[in-house]
> 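Take a look at the following structure, please.
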Number of protein chains: 2
Amino acid sequence: MERSTRQRQAIREVMTELNRPLSPIEVLEAARAKVPGLGIATVYRTLKSLVEEGSAVAVELPGEAPRYELAGKKHHHHFHCTRCGKVFELEGCPGDFSFMVPKGFKTEKHEIVLYGRCTDCLH
Amino acid sequence: MERSTRQRQAIREVMTELNRPLSPIEVLEAARAKVPGLGIATVYRTLKSLVEEGSAVAVELPGEAPRYELAGKKHHHHFHCTRCGKVFELEGCPGDFSFMVPKGFKTEKHEIVLYGRCTDCLH
DNA sequence: TTCATAATGATAACTCGTTATCATATTGTC
DNA sequence: GACAATATGATAACGAGTTATCATTATGAA
């Protein structure tokens, strides 16, 4: 049976509070403020079980290792800051891409990634 | 000075003929039809020099190792077949995503990836 | 409080894609 | 054709990210 530990609590809190897709390293650094000494293995283990139990999902961006965000959000896309590297959630979606698809192809889903500067990185 | 070899010729031909982003392994397999015995190291070396000389570009898709396509095409996006794994080029682009971006963020570029079945994979 | 057992942290080991190494083959200039 | 230099192919080595191992610690049911 799964036990409730300070480490897992801290990791869940961090994901809720920061509310953006986090890399395992970002999770580690943020959660160490709550649980000094937290190890990277525990972060990987916890993220894995959060995904398995359905309360987190992996966010894959081109050329990047997976980040993780809490599950259950409505359809959305992401913004990747080219300066600080943080990834943010976006609202809204153009919705229809069928005009881009050749005849005979069937689209099932789509991903959009915007790149640029976040507020903190415009100087 | 760079020499012209059967291997490099075959790799360039394959990229021109298939006209879609190819993984190093796809390049290897297709080019071996022209040059039996072609080695994977030569494929990596050639792709690297094609990118360095500006005649090819890397195409990064979420959670995937880089593929390569010939350079010089106009702005476009990609379709990733969820069955055969091939990536195809698409025409057209919604263009404006500024409505998705929070105040204070500045968008510099974007990527769109569509997922689904290509013609050959609809059964 | 006790105690069985799950969780942790340090780190070794692993995976996958890519690059380096090096003996051999090929190119192209003379 | 000869020869210097570049390219090739096999494969070892590498790097980043992730998982496995294992001795130790913490949890929670009784």
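Naming: A, B, ... by sequence-line order, numbering from 1 per chain.
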> Hey, what are the protein-to-nucleotides 21-30 of chain C N/O distances that come in under 3.5 Å?
| from | atom 1 | to | atom 2 | distance (Å) |
| --- | --- | --- | --- | --- |
| dT27(C) | O2 | R3(B) | NH1 | 2.9 |
| dT27(C) | O2 | R3(B) | NH2 | 3.1 |
| dG28(C) | OP1 | S4(B) | N | 3.3 |

> Round to the nearest Å and state the distance from Q9(B) atom CD to dT8(D) atom P.
11 Å
> Go through the steps for L50(A) and M15(A) under the test side-chain contact (heavy atoms from CB on, under 4.5 Å), then give the verdict.
CA-CA 11 Å; L50(A) 288 176; M15(A) 295 186 72; 3.9 Å; yes
> Report yes if the side chains of I112(B) and P94(B) come closer than 4.5 Å at any heavy-atom pair, otherwise no.
yes
> Using the ring of each side chain (for Trp, its six-membered ring), is H75(B) parallel, tilted or perpendicular to H110(B), with breaks at 30° and 60°?
perpendicular
> Between Y44(B) and dT18(C), is there a side-chain N or O to OP1/OP2 distance below 4.0 Å?
yes
> Rounded to the nearest Å, what distance is computed from the CD atom of residue E26(B) to the P atom of nucleotide dT18(C)?
12 Å
> Any Lys/Arg nitrogen of R12(A) or E53(A) sitting under 4.0 Å from an Asp/Glu carboxylate oxygen of the other?
yes
> Using the side chain to side chain donor-acceptor pair (under 3.5 Å) rule, pick out the option among K73(A), H78(A), R20(A), H77(A) that qualifies with E89(A).
K73(A)
> Are I11(B) and Y44(B) connected into the same hydrophobic cluster when the rule is that any two of I, L, V, M, F, W, Y join if their side-chain heavy atoms are below 4.5 Å apart?
yes
> Taking side chain as C-beta onward, heavy atoms only, is T82(B) less than 4.5 Å from R117(B)?
yes
> Students often mix this up, so state it plainly: with edges at 30° and 60°, are the rings of H80(A) and Y115(A) parallel, tilted or perpendicular?
tilted
> Counting side-chain heavy atoms from C-beta on, which of dT18(D), dG9(C), dT8(D) comes nearest to T42(A)?
dG9(C)
> Given atom CZ of R8(B) and atom C1' of dA7(D), what is their separation to the nearest angstrom?
6 Å
> For I40(A) and dA12(C), what is the distance between atoms CD1 and P respectively, to the nearest whole Å?
16 Å
> For DNA chain D, find the residues of residues 46-68 of chain B with a heavy-atom distance under 4.0 Å and give them by number; none if there aren't any.
none
> Can you tell me how far C1' of dT11(C) sits from CG of L38(A), to the nearest Å?
15 Å
